[in-house]
Chemist: 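Here it is, the structure, as structure tokens.
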Amino acid sequence: MSLTDKAIAQIREMIRSGALPPGSKLPPEPDLAAQLGLSRNLAREAVKALAVARVLEVRRGDGTYVTSLQPSLLLEGLGGAVELLQSDSAALQDLMEVRRLLEPVATALAATRISDAQLAKIKHHLDAMREARDEPEQLTAHDVAFHHAVVSATGNETLLTLLESISGRTLRARIWRGLVDTQASGRTLAEHEAIFNALSTRDASLSQAAALLHVSNTEQWLTEHLRSGEAHDHLGSRN
């Protein structure tokens, strides 16, 4: 472990132990360095690294604070990592597999906790998707909002953040553009309707099955789309 890593680990331990709770201000740099038993440069590097990780927030002229440590904040970087994987077909298939493992279970949980107001919000986005069935950008926006509303109904912020990171907006847009181009958007809209209808009955098993069918079909479409793209690229390289 490098000295910088050691400093990072020590600050994390101070946060974990409660010595530096969420929202608290860190000691001035000289004092922090003394507490860590390291140089000010190493303490500064550790603070910078933890700021990038959204554990700490550096406020100019005011000092350094522990962030709220909310899952949506700490897991923020995951979404950026997913966006960087867009050109890697194997990684995209792995991400879809993770989504298939998580989203149906999340939808089942949502069915047991969802309120009438949350159902109304889901229906609003479903109606908007019907109206925008030939407009990929609008479909993407309301698809994101539809699934956000479904998983939000679980009340589990960590689960919501993980699923939203895995199902990045860029990937959703790519899928909807392809579905519209191949005139397959109607089937996918019907799958969203099935999810909504199952949630309306508060039936966890039915909701899980509807979500599993939707994610599995999307995964299959993406796999075939990627395979055909690779075949096209291969033929292009031979010509």
Side-chain angles (χ1 to χ4, degrees), residues 1-103 105-106 109 137 140-141 143-145 147-174:
M1 179 182 288
S2 71
L3 289 176
T4 302
D5 288 339
K6 181 182 177 183
I8 291 170
Q10 285 180 269
I11 295 173
R12 284 184 179 276
E13 177 57 26
M14 291 165 73
I15 294 170
R16 190 202 64 76
S17 68
L20 288 173
S24 63
K25 186 176 182 179
L26 268 68
E29 189 179 279
D31 297 343
L32 178 64
Q35 286 184 34
L36 298 175
L38 298 168
S39 70
R40 291 178 61 176
N41 281 341
L42 286 170
R44 190 180 306 125
E45 289 302 313
V47 166
K48 285 180 181 178
L50 290 170
V52 170
R54 302 292 193 269
V55 175
L56 299 177
E57 178 187 2
V58 179
R59 302 177 189 172
R60 288 186 179 278
D62 188 28
T64 301
Y65 292 78
V66 180
T67 66
S68 65
L69 302 180
Q70 291 297 307
S72 57
L73 188 64
L74 296 179
L75 296 172
E76 194 176 87
L78 181 57
V82 169
E83 294 298 319
L84 292 174
L85 296 173
Q86 294 299 315
S87 60
D88 186 333
S89 60
L92 284 180
Q93 288 174 286
D94 285 349
L95 288 169
M96 285 301 300
E97 186 172 59
V98 174
R99 183 184 172 194
R100 175 163 45 85
L101 292 168
L102 292 179
E103 192 164 307
V105 177
L109 182 60
E137 287 186 13
T140 300
D143 178 45
V144 169
H147 289 286
H148 176 92
V150 171
V151 184
S152 289
T154 65
N156 188 318
E157 188 180 351
T158 301
L159 184 59
L160 175 63
T161 304
L162 283 171
L163 275 169
E164 289 203 325
S165 298
I166 291 165
S167 308
R169 179 179 286 267
T170 301
L171 177 57
R172 287 189 186 276
R174 179 177 177 180

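In this text, all values refer to a predicted model and were calculated from it rather than measured experimentally. For the numbers below, each heavy atom of this structure counts, side chains included, while hydrogens, waters and symmetry mates do not.
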Chemist: Quick one, Val55 with Ile11, criterion side chain to side chain contact (heavy atoms under 4.5 Å, CB included). Give me CA distance, side-chain angles, the key distance, then yes/no.
Modeler: CA-CA 10 Å; Val55 175; Ile11 295 173; over 6 Å; no

Chemist: Working to the nearest 0.5 Å, report the span between CD of Gln70 and OG1 of Thr161.
Modeler: 9.0 Å

Chemist: Rounded to the nearest 0.5 Å, what's the gap from CD on Glu97 to CG on Leu102? Could you check?
Modeler: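 Nearest 0.5 Å value for the CD-CG distance: 11.0 Å.
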
Chemist: Report, one line per pair, each donor and acceptor closer than 3.5 Å where one atom sits in a side chain of residues 2-9; sequence neighbours left out.
Modeler:
unit_1: Ser2; atom_1: OG; unit_2: Asp5; atom_2: N; d: 3.1
unit_1: Ser2; atom_1: OG; unit_2: Asp5; atom_2: OD2; d: 3.2

Chemist: Are any non-hydrogen side-chain atoms of Val105 and Leu159 less than 4.5 angstrom apart?
Modeler: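 When only atoms from C-beta onward are counted, Leu159 and Val105 do not touch, as no gap falls below 4.5 Å.
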
Chemist: Indicate the atoms forming the closest heavy-atom contact of Leu36 with Ala43, along with that distance.
Modeler: CD1-CB, 4.2 Å

Chemist: Among residues two or more places apart or on two chains, list those pairs meeting salt bridge (charged side-chain N to carboxylate O under 4.0 Å, His left out) that have a residue in residues 33-44.
Modeler: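 As it turns out, the salt bridge (charged side-chain N to carboxylate O under 4.0 Å, His left out) pairs with a partner in residues 33-44, which skip direct neighbours, are Glu29-Arg40, Glu29-Arg44.
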
Chemist: If I take atom CD from residue Gln35 and atom CG from residue Asp31, how far apart are they, to the nearest 0.5 angstrom?
Modeler: 7.0 Å

Chemist: Are more than 12 heavy atoms from other residues, nucleotides or ligands located less than 6.0 Å from atom CZ of Arg100?
Modeler: yes

Chemist: Provide the closest heavy-atom pair for Arg54 versus Leu74 in the form atom of the first, atom of the second, distance.
Modeler: O-CD2, 3.6 Å

Chemist: What is the distance from atom CD of Gln10 to atom CG of Leu38, rounded to the nearest 0.5 Å?
Modeler: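 Result: 5.5 Å between the selected atoms.
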
Chemist: Please report the shortest heavy-atom distance between Ala106 and Thr154, naming the atom on each side.
Modeler: O-CG2, 3.2 Å

Chemist: Closest approach of Pro71 and Thr158, non-hydrogen atoms and distance?
Modeler: CG-OG1, 3.3 Å

Chemist: If you look at every heavy atom in Leu32 and Met14, which pair is closest and at what distance?
Modeler: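 Where Leu32 meets Met14 most closely, the heavy atoms are CD1-CE, 4.5 Å.
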
Chemist: Residues in salt bridge (Lys or Arg N to Asp or Glu O under 4.0 Å) with Arg16, at least two apart?
Modeler: Glu13

Chemist: Please tell me if the side chains of Glu103 and Val150 come closer than 4.5 Å, counting only heavy atoms from C-beta onward.
Modeler: no

Chemist: Return the minimal non-hydrogen interatomic distance between Ser165 and Leu75, and the atom names on each side.
Modeler: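 Heavy atoms of Ser165 and Leu75 come nearest at OG-O, 4.0 Å.
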
Chemist: Within the side chain of Thr64, is there an N or O that forms a donor-acceptor pair under 3.5 Å with the backbone of Leu26?
Modeler: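 A pair under 3.5 Å: no.
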
Chemist: Rounded to the nearest 0.5 Å, how far does CG of Leu56 lie from NZ of Lys25?
Modeler: 13.5 Å

Chemist: If you measure from CG on Leu163 to CZ on Arg99, what distance do you get to the nearest 0.5 Å?
Modeler: 8.0 Å

